[in-house]
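To start, the structure itself, in structure tokens.
We use all heavy atoms of the structure for the numbers below, so side chains are in, but hydrogens, waters and symmetry mates are not. Below, chains carry the letters A, B, ... as their sequence lines are ordered, and counting in each starts from 1.
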Number of protein chains: 2
Amino acid sequence: MSRHELEACKRCDARHQGLCDALHDDDLHFLSDAAHRSAIAKGEVFVTEGNPARNFFNINQGAAKLYMDLADGRRQITGFVGVGDFVGLAAGTRYAFSAEAIEPVQLCRFDRIELRAVSARFPVIERRLLEIASHELVIAQEQMLLLGRKTAIERVASFLEGWYRRTLCADPGAPLDLPMLRGDLAEYLGLTIETVSRVLASLRRQGVVAVAADHRISILDHARLAAIGQTFA
Amino acid sequence: MSRHELEACKRCDARHQGLCDALHDDDLHFLSDAAHRSAIAKGEVFVTEGNPARNFFNINQGAAKLYMDLADGRRQITGFVGVGDFVGLAAGTRYAFSAEAIEPVQLCRFDRIELRAVSARFPVIERRLLEIASHELVIAQEQMLLLGRKTAIERVASFLEGWYRRTLCADPGAPLDLPMLRGDLAEYLGLTIETVSRVLASLRRQGVVAVAADHRISILDHARLAAIGQTFA
DNA sequence: CGTGTATTTGAACACATTCAAGCTAGGTGG
DNA sequence: CCACCTAGCTTGAATGTGTTCAAATACACG
């Protein structure tokens with residue numbers, strides 16, 4: 001009933017990443033049939049902290065921020081997700097986080113029960129989810145180290161270095177494309193918007209990065225950036 | 001070949017928690033046979049960040065701290081684990097963290113390959129590991145919120161409230177037993193030892209807690225502690 | 001080209017840290 | 001039994017990093 005969707009699925013940008021990469025083309029229709037595709041506008045919140053955790057999501061296009069709020073408005077962004085990323089593991093019966101699109105997003109929504117049925121048939125899916133969760137745990141711990149122990153300049157340098165590694169796109173000299181605002185960056189790094197701005201200015205003055213207006217940052221001195229960020233992993 | 005160990009396994013303090021709880025007594029020997037039991041002395045490091053991640057661990061007795069270090073000695077404790085806790089998910093091919101016993105520890109060590117063989121036969125184990133990882137992700141995100149956005153007094157209050165919930169032992173008025181040193185607490189909360197000490201003194205003066213000398217703290221005013229810690233979950 | 005949003009920059013301030021000294025409890029040996 | 005020693009903890013004063021408050025500038029979009 002969804003031959004057309006299956007074909008689209010095979011050509012999806014996320015086809016060979018994360019969850020989807022777990023199945024061969026032959027079995028892919030089991031996942032494709034369980035997927036509810038939808039488009040999320042920039043700024044739209046598609047997961048709300050505290051709501052019953054009924055779905056998982058897989059990002060096919062765009063990017064989103066995941067965050068937790070305190071009662072008085074303070075916010076901590078716990079991660080940014082992009083194409084191929086799986087969203088929704090951090091939940092018991094209710095979501096522990098909220099998610100908002102920072103770019104127009106296309107995603108596949110999976111009912112948790114339905115996905116469980118698929119993974120019962122293909123244990124490789126459950127195993128893949130475990131790998132994804134393990135990797136997220138590693139990232140989360142590194143972020144705890146950053147938030148608990150690193151200085152402002154170390155946090156920004158760590159972030160840029162990490163973002164560079166995630167988007168490794170052939171040319172190591174190409175400018176990084178940061179889809180998020182300064183405010184998002186601040187809320188991710190446990191800083192204020194002013195501090196992020198000042199630190200970026202400092203890194204620019206030191207000749208480590210070049211900051212362009214259109215959310216693009218070029219890394220001029222990788223070695224120095226990694227040294228500042230204390231990222232030797 | 002291990003009837004005696006199986007019987008001990010059934011009476012283990014961790015029998016009905018986490019990983020072990022996934023199997024019925026009838027199937028338990030598959031796990032028991034894969035377990036290598038060992039004793040870890042207080043202060044002993046049994047996982048080292050960067051080493052090949054060959055094992056998982058399940059704590060049967062005692063408690064340990066998990067942490068990451070920076071080159072200059074700054075340390076972030078990413079979690080404390082106790083009886084029934086599973087250790088080792090936060091790893092790819094190498095451990096992303098180190099683990100040190102803060103009390104004498106008894107644990108079951110599992111070779112990752114062997115455990116994979118068991119979980120191939122009992123998918124419920126893989127599912128349980130995913131549940132454990134999901135729960136750890138929730139905890140990790142709450143910790144990011146704490147480290148990135150909460151004040152010193154909010155961090156300490158959150159910790160005490162969280163520790164209280166973990167050790168919920170019948171009597172809600174019973175003093176909490178904190179196995180870790182002030183220094184560990186500081187490294188967990190992203191503070192210094194002096195700040196932790198000052199904040200505890202402040203909470204004591206406010207009549208929220210009573211601090212005894214033997215690592216015991218009584219919570220005198222739960223509502224106020226939760227309010228200070230911004231823990232409404 | 002004008003308007004609103006995002007970002008940068010500046011100055012005063014605050015919270016937590018650093019450095020330093022004192023205290024307490026537990027263990028050891030005279 | 002008490003003096004002494006050490007490790008852990010507490011308290012105090014000065015300092016510093018990042019925040020807060022405020023204003024100016026740059027940018028994107030109509």
Neighbour count >12 (heavy atoms, 6.0 Å) for atom NZ, Lys10(A): yes
Within residues 64-74 of chain A, residues whose heavy atoms come under 4.0 Å of DNA chain C: none
Between P of dT19(D) and NZ of Lys150(B), the distance in whole Å: 18 Å
Value in whole Å for how far the P atom of dT19(D) lies from CG of Leu189(A): 11 Å
Proximal nucleotide (of dT10(D), dG8(D), dG18(D)) relative to the Leu181(B) side chain: dG8(D)
Along DNA chain C, first and last positions that approach a heavy atom of chain B under 4.0 Å: dA16(C) to dC19(C)
Close aromatic pair by centroid cut-off 6.0 Å: Tyr188(B) and Phe80(B): yes
Arg155(B) versus Thr195(B), side-chain donor and acceptor atoms under 3.5 Å: no
DNA chain D: 5'-proximal contact among Ile153(A) and Ala201(B) (nearest heavy atom): Ala201(B)
Parallel, tilted or perpendicular: rings of Tyr164(B) and His222(B) (30°, 60°): tilted
Residue pair Glu154(B), Arg74(A): steps toward the salt bridge (charged side-chain N to carboxylate O under 4.0 Å, His left out) verdict: CA-CA 13 Å; Glu154(B) 289 168 350; Arg74(A) 280 174 289 173; 2.9 Å; yes
Rounded distance in Å - CG (Asp184(B)) to C1' (dG8(D)): 12 Å
Distances for protein N/O vs nucleotides 21-26 of chain D N/O pairs under 3.5 angstrom?
from    : atom 1 : to        : atom 2 : distance (Å)
dC21(D) : N4     : Glu194(A) : OE2    : 3.1

Short side-chain N/O contact to dC9(D) OP1/OP2 from His215(B), under 4.0 Å: yes
Side-chain donor/acceptor of Arg54(B) to backbone N/O of Thr93(B), under 3.5 Å: no
Spacing between Leu203(B) atom CG and dT11(D) atom C1', to the nearest angstrom: 16 Å
Parallel, tilted or perpendicular: rings of Phe57(B) and Phe46(B) (30°, 60°): perpendicular
Touch class at under 4.0 angstrom, heavy-atom based, for Arg155(B) against every strand present: nothing
Integer-rounded Å distance: dT17(D) P and Glu154(A) CD: 12 Å
Cationic N near anionic O, under 4.0 Å, Arg166(B) to Asp85(B): yes
Sugar-phosphate only, base, or nothing, as touched by Leu191(A) at under 4.0 Å among non-hydrogen atoms: sugar-phosphate
